[in-house]
Amino acid sequence: MNSRIALAAGLALAALTTEIATAETVWLDQLDVRTASQGWGEPQKNKSVGGNALSIGGKTFEHGFGTHAESILHINLGGGAQSFAASVGVDDEVGGNRAASVEFIVVGDGRELWKSGVLHAGDAAKDCAVNLSGVKLLTLKVGDADDGNSYDHADWGDAKFETDGAKTFVASGEEMPEPVAPYILTPPAPATPRINGADVFGVRPGSPFLFTIPATGERPMKFSAKNLPDGLKLDAKTGRITGALKKQGEFVVTLRAKNILGKAEKSFRIVCGDQIALTPPMGWNSWNCFAHAVSADRVKRAADALVKSGLVNHGWTYINIDDFWENHRDSNDPTLHGDFRDAKGFVVPNSRFPDMKGLADYVHGLGLKIGLYSSPGPWTCGGCTGSFQHEAQDAQTYAQWGFDYLKYDWCSYGSIADGKQATDSSIPSWSEGKGKSDIEVAIYPYRLMGKFLHEQKRDIVFSLCQYGMSDVWNWGGSVNGQSWRTTGDITDTWRSMSDIGFKQDKAAPLAKPGNWNDPDMLIVGEVGWGKTHPTRLTTDEQYTHISLWCLLSAPLLIGCDMEKFDDFTLSLLSNDEVLAIDQDALGKEAMCAINHDTVRIYKKDLADGGHAIGFFNLGAQPVDLSFNEFAPLGLAGRQHVRDLWRQKNLADVDTLAGSLPLTIPAHGVLLYKFKAAK
Ligand code: GLA
């Protein structure tokens, strides 16, 4: 190269400037591609998103940009580039996984210049050549081809510009909002008693009953209940209701709590029948913080933290162990070495979990419930042992240990579905296989485990995890599932959270009590899959995340290290009026009712005839609205309006003649409840 290239840090954070002295080639990797926003992992220069040499369809590339759908990188060319060229495709590191499907798009000054069409794993690299004369702002995008972003590892191989002389190129991500320091909206809970949480609880006849009355207020507190059905008893000190109900039926109970400052009561419906999880499960899961490094000790400490933080008083209940409680097929970590199963075929936990029953007893002893994880395939996604051909034994084992929740993750089952032998050491831990195209294949392993779980004399919530394949929302309930993931894995970026959260409408009509769409776990607090950091979501993005998940009636599973809670994160997770939207007994899921520019307005119908409305702003600048489009939200007449985060009434609005002034923060939300005035 005979020209001079000087790299200088620009004023904009993390933006690098490339000065080009004479006509020549500028490689994309000479710019700061780290500024790209993407749906998983970190943007990589001259490497794939997984950190390997760039490789597409067997061909390797020395230069390029490794990213993950959905991905956006802007490059300010200032009109100085003549052309852009690259060879694009899915990186070979995903191992031929058919779930990987992406589309590369090149946009110049807002106009689409080139599109790759859908590319899959293993496809040869597709050449892109675009004339850029006059283009000022170039945008390189990778979309998920509308099927979720699982395994969408995308490479811009040998990406380069031809320039016409001394010019300045600056790479940047999406326009992002100005940083805003955390601000707490949730008012502190009063010292007088208040009973929070769901109004309804489902249990099967004969199953052990455990419900801890979630109540805030000064301790000591004394609990009582009126009309508690035979078979159940309440511990007046702890507020725990235990026992079992023999027969099906509905029981309307009055729960009461009293402390030195006052008393509270609430009507609570116990429904003894076949349906459980009548409101979305709320709790914690180990994956988004500890991932492969989970242990019994960490799980106990998480359970302690849920209680100590006071979250238990807001209805948070489940402590769920994700992958890595089993032994691993080939890990270097000696704590994961050991027999997969005993001589009779019963699963053997790894050495970090020496006493699963003891662990379950410990968690129950705190008034909480406990969950675990497996796969219908021979291996879990992390490469630990799965339940394949031991489904009945595993369901029995979970019940004997006293577990209350199973997350069942497709993982290596794709290869089994494609006819591979479980003993074949080359089967990957994850492959979609025929599960995507053949609905019977997709359903089979879930129906099997669903049946065995249902046969246990214990209510075990069955959480399907297969990323939405074969439109799981249409059949998840029929295999005894209580919830099902609708997407690939979430990560703590705006791109990931908003792409997942705002694309749930298709599944929404299928949600109902006992059947929940699961857009994946929460990413507030200290998260990080084995090495934690504060979430990368901004303050307002976190309000958006929690508000949206509550509107979506999503299972709420905290994904952070709960020993590292800060006040802001706790305030996000302990707003009872916001959580009540998620836990509403009607079980409707919100859908987008209005979509204008950057504004999305979601509506969720509530059991008391009211409506929860989320006014979201997907843009990087605040939006001011004088809002009066009440009809599409189903709002008529005079309406009471309440700001749920602030727990404050606003002025009533006349939906015929009036309007509502709204200022929605950038990437933020206003979450209101409307109720017709009498
Ligand atoms: C998949 C799931 C995650 C987590 C991991 C464990 O990626 O989607 O939520 O359970 O497997 O390996």
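Index from 1, following the sequence. What you see is a predicted model; the values in this text were computed from it and never measured. We count ligands from 1, going down the list as the structure has it; atoms in each ligand are counted the same way.
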Charged tip of R600 within 45° of F616 ring normal and under 6.0 Å: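 No, R600 does not sit over the ring of F616.
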Over-ring placement of K300 relative to Y362, 6.0 Å and 45° cut-offs: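 Satisfied, under 6.0 Å and within 45°.
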Which residue and heavy atom of the protein sit nearest atom 9 (O) of ligand 1, plus the separation: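 Sorting protein heavy atoms by distance from atom 9 (O) of ligand 1 puts K407 NZ, 2.8 Å first.
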Nearest-contact summary for atom 12 (O) of ligand 1 - protein heavy atom, Å: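 Result: D323 OD2, 2.7 Å.
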Region of A291 that comes within reach of ligand 1 [heavy atoms, distance under 4.0 Å]: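 Looking at A291 and ligand 1, no heavy atom falls under 4.0 Å.
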Hey, are [X] and [Y] close enough for a salt bridge, meaning a charged N less than 4.0 Å from a carboxylate O?
{"X": "K503", "Y": "E70", "value": "yes"}
{"X": "E174", "Y": "R495", "value": "yes"}
{"X": "R301", "Y": "E563", "value": "yes"}

D322 touching ligand 1 at heavy-atom level, < 4.0 angstrom: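 The answer is yes, since D322 has a heavy atom less than 4.0 Å from ligand 1.
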Within-shell test, Y373 vs ligand 1, heavy atom, strictly < 4.0 Å: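 Distance cut 4.0 Å: Y373 passes for ligand 1.
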Any nitrogen or oxygen of [X], main chain or side chain, under 3.5 Å from a nitrogen or oxygen of ligand 1?
{"X": "D409", "result": "yes"}
{"X": "Y467", "result": "no"}
{"X": "D489", "result": "yes"}

Enumerated ligand 1 atoms positioned under 4.0 Å from heavy atoms of C381: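 This gives 1 (C), 11 (O), 12 (O) as the contact atoms.
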Aromatic ring proximity, centroids under 6.0 angstrom, Y413 and W430: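 Judged by ring-centre distance (under 6.0 Å), W430 and Y413 do not meet the cut-off.
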Geometric class of the H328/F324 ring pair [parallel <30°, tilted 30-60°, perpendicular >60°]: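 Aromatic pair F324/H328 classed parallel.
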